[in-house]
There are 2 protein chains.
Amino acid sequence: MPRSHSHHSHSHAEDAEPFTLDGLAELLRSKGLRMTGNRRAILQALLKAKKPLGLEEIQTEAVRQSKGGEPPDFATVFRMMALLEELKIARKVNLGRASSYFELVDSRHHRDHLVCTDCGTVTPLEGNCPVESLERQIARKHGYTQVTHSLEFFGLCGDCSTDAAS
Amino acid sequence: MPRSHSHHSHSHAEDAEPFTLDGLAELLRSKGLRMTGNRRAILQALLKAKKPLGLEEIQTEAVRQSKGGEPPDFATVFRMMALLEELKIARKVNLGRASSYFELVDSRHHRDHLVCTDCGTVTPLEGNCPVESLERQIARKHGYTQVTHSLEFFGLCGDCSTDAAS
DNA sequence: ACGGTTATGGCAAATGATTTGCAATTGTGA
DNA sequence: TCACAATTGCAAATCATTTGCCATAACCGT
Ligand SMILES: [Mn+2]
Ligand SMILES: [Mn+2]
Ligand SMILES: [Zn+2]
Ligand SMILES: [Zn+2]
């Protein structure tokens, strides 16, 4: 795919550009994809999210972001997320639930999560990932490439611990 | 098969009783549950497994363990696994696939996994878990109790890396 | 701005996985 | 051996994911 560095002032799609709507829009276009109202809304929802979102949540957040109008169809959200996964812009997060949850994946700020198995509260964990540095070692030891990981902690939050005791 | 001290065992999986068929049988009975041919076969399949098994696999391995006869119904395997999860004897493992996979959970030998996202190969990782010691810290810091975790690495195995390059 | 090309989106139906109801069966303790 | 409750097979229900089809709309070149 030819890269036209027409005006070098900004937005090289492949650069570690901070995840911004414009940056993502550019990236999509560079792949021959189109930027639509639905997609803008979905991306905004994901950008604003403080925790992984389910398809329903993306749908409702998206319509809120785009200030009203019809929410994107469920299938549309589904296809968009499949696309973003394909492009490694988003990833599925294992929250131990039946349906899928997604978050944008910024290679510099990936997050692990703490999930209350009772009330469902999700807390992104602060600080450095404790296993990121292992990816390289594991890759070498087992002859793997492109190693990523998924790390979640599950437990009972304070409230739910109390409730369980009574 | 020496059953040295199978009495005084009516309680939790915390009795660092080794995970053996008899031990598990006893545990189930202590909960008022019954030990049947199906259950014995399913447990044997799980005990023998070197990696997490899907419901189908449990079904086929179970019939092999019990040396023939009808394989347990799919719903039976499903209910058995729900039960074992409930009792914290087994857990679901996130292999990034659509359907669920299970493994017995021995608090002393829990395993994280390396999964090839292309061919599906699953490799239990040797050695100490790199985050087990964090569970306590996270529990304290966030006011959680009963904290567990799920850690999987994903990537392309040697073969699949080669194929992808061509 | 206009029009042709083609990605996209809505709708509904197909697929796939999980879960449940129910009657017949079977394990267990008495 | 009996009575009772747990278990199981089978089929149907539920829930989540995925796809086909065609009308629509984004983008490109004029
Ligand atoms: Mn991490
Ligand atoms: Mn671990
Ligand atoms: Zn909670
Ligand atoms: Zn592979």
Side-chain angles (χ1 to χ4, degrees), chain A residues 1-2 4 6 21-22 24-43 45 52-60 62-63 66 69-87 90-102, chain B residues 10 21-22 24-43 45 52-60 62-63 66 69-87 90-102 120:
Chain A
M1 185 120 326
S4 69
S6 38
L21 188 57
D22 289 339
L24 291 172
E26 176 105 1
L27 176 52
L28 290 187
R29 281 210 220 85
S30 79
K31 300 281 181 183
L33 302 171
R34 295 172 184 177
M35 181 51 47
T36 69
N38 276 339
R39 290 187 170 168
R40 215 183 319 279
I42 290 172
L43 288 173
L53 301 180
L55 293 185
E56 312 252 273
E57 292 170 307
I58 295 175
Q59 206 176 28
T60 53
V63 67
S66 65
E70 301 303 303
D73 190 83
F74 198 83
T76 300
V77 180
F78 171 82
R79 282 187 273 231
M80 175 63 161
M81 296 318 297
L83 188 61
L84 294 179
E85 261 193 292
E86 193 66 30
L87 299 176
R91 70 175 189 114
K92 266 187 193 147
V93 178
N94 164 30
L95 296 186
R97 306 197 204 158
S99 53
S100 296
Y101 288 74
F102 300 86
Chain B
H10 43 287
L21 187 57
D22 289 339
L24 292 171
E26 177 104 1
L27 175 53
L28 290 187
R29 279 208 227 89
S30 78
K31 300 281 181 183
L33 302 170
R34 295 172 182 177
M35 180 53 46
T36 69
N38 275 339
R39 290 188 171 166
R40 213 184 319 278
I42 290 172
L43 288 173
L53 300 180
L55 292 185
E56 311 252 276
E57 293 170 307
I58 295 175
Q59 207 176 27
T60 53
V63 67
S66 66
E70 300 304 302
D73 191 85
F74 198 82
T76 300
V77 179
F78 171 81
R79 282 187 273 230
M80 176 63 162
M81 295 318 297
L83 189 61
L84 294 179
E85 261 193 293
E86 193 65 30
L87 297 177
R91 70 176 189 114
K92 267 187 192 147
V93 178
N94 165 29
L95 298 186
R97 307 200 203 155
S99 53
S100 296
Y101 288 75
F102 300 86

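This structure is a prediction, so every number in the text was calculated from the model and none was measured. Chain identifiers are assigned alphabetically (A, B, ...) following the order of the sequence lines, protein sequences preceding nucleic acid strands; residue numbering begins at 1 within each chain.
The nearest whole Å value for the distance from the CZ atom in A/Arg97 to the P atom in C/dT18 is 18 Å. Following rounding to the nearest Å, A/Met80 (CE) and D/dT18 (P) show an atom-to-atom distance of 17 Å. Across the protein-nucleic acid pair, B/Met81 atom CE and D/dT8 atom C1' stand 17 Å apart, rounded to whole Å. As rounded to whole Å, 16 Å separates atom C1' of C/dT26 from atom CD of B/Glu70. In this structure, the CZ atom of A/Phe74 is 16 Å from the C1' atom of C/dA14, given to the nearest Å. Whole-Å rounding puts the A/Ile58 CD1 to C/dG9 P distance at 14 Å. Note: NZ (B/Lys31) to P (C/dG29) measures 17 Å, nearest angstrom. Atom CZ of B/Phe78 is separated from atom C1' of D/dC10 by 16 Å (rounded to the nearest Å).
Here A/Ser99 does not reach the OP1 or OP2 of D/dT17: none of its side-chain N or O atoms lies under 4.0 Å away. Side-chain nitrogen and oxygen atoms of A/Thr76 include none within less than 4.0 Å of the OP1 or OP2 phosphate oxygen of C/dT8.
Nearest heavy atom pair, residue A/Ala45 against residue A/Ala62, reads CB-N, 3.9 Å. Here the shortest heavy-atom pairing between A/Pro72 and A/Gln59 reads O-NE2, 2.9 Å. Of all non-hydrogen atoms in A/Val63 and A/Gly69, the two that sit nearest each other are CG2-O, 3.2 Å. When every heavy atom of A/Ser100 is checked against every heavy atom of A/Lys92, the shortest pair comes out as OG-CE, 3.3 Å. In this structure, A/Ala90 and A/Met81 approach most closely via the heavy-atom pair CB-CE, 3.9 Å.
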Steps toward side-chain contact (heavy atoms from CB on, under 4.5 Å) verdict (B/Leu87, B/Leu27): CA-CA 10 Å; B/Leu87 297 177; B/Leu27 175 53; 5.5 Å; no

Working note: A/Leu84 + A/Leu24, criterion side-chain contact (heavy atoms from CB on, under 4.5 Å); need CA distance, chi angles, decisive distance, verdict. CA-CA 10 Å; A/Leu84 294 179; A/Leu24 291 172; over 6 Å; no

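Relative to the side chain of B/Pro72, the nucleotides D/dT17, C/dT18, D/dG9 differ in distance, and D/dG9 lies closest. Closest contact between the side chain of B/Asn38 and the listed nucleotides D/dG9, D/dT7, D/dT17 involves D/dG9. Of the listed nucleotides (C/dG21, C/dC11, C/dT18), C/dC11 has the atom at the smallest distance from the side chain of A/Asp73.
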Dot-bracket notation for DNA chain D is requested: 5' to 3', Watson-Crick or G-U wobble pairs only, both distances under 3.5 Å, with ( ), [ ], | and . as defined. ||||||||||||||||.|||||||||||||

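Atom CG of B/Leu55 and atom CE of B/Met80 lie 12.5 Å apart (nearest 0.5 Å).
In terms of modelled atom types and a separation under 3.5 Å, the side chain of B/Arg39 and the main chain of B/Arg34 share a donor-acceptor contact.
Between B/Val77 and B/Glu56 the shortest side-chain heavy-atom distance does not fall below 4.5 Å.
Residue side chain B/Arg39 does not reach the base of C/dG27 through any donor-acceptor N/O pair under 3.5 Å, judged by distance alone.
Mapped onto DNA chain C by nearest heavy atom, A/Pro71 and B/Arg79 fall at different nucleotides, with A/Pro71 at the one closer to the 5' end. The residue among B/Leu83 and A/Ala75 whose nearest nucleotide of DNA chain D lies closer to the 5′ end is B/Leu83.
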Could you run through nucleotides 24-30 of chain D and give me one letter per nucleotide, 5' to 3': B if any protein heavy atom sits under 4.0 Å from the base, S if only the sugar-phosphate is that close, - if neither? -BBS---

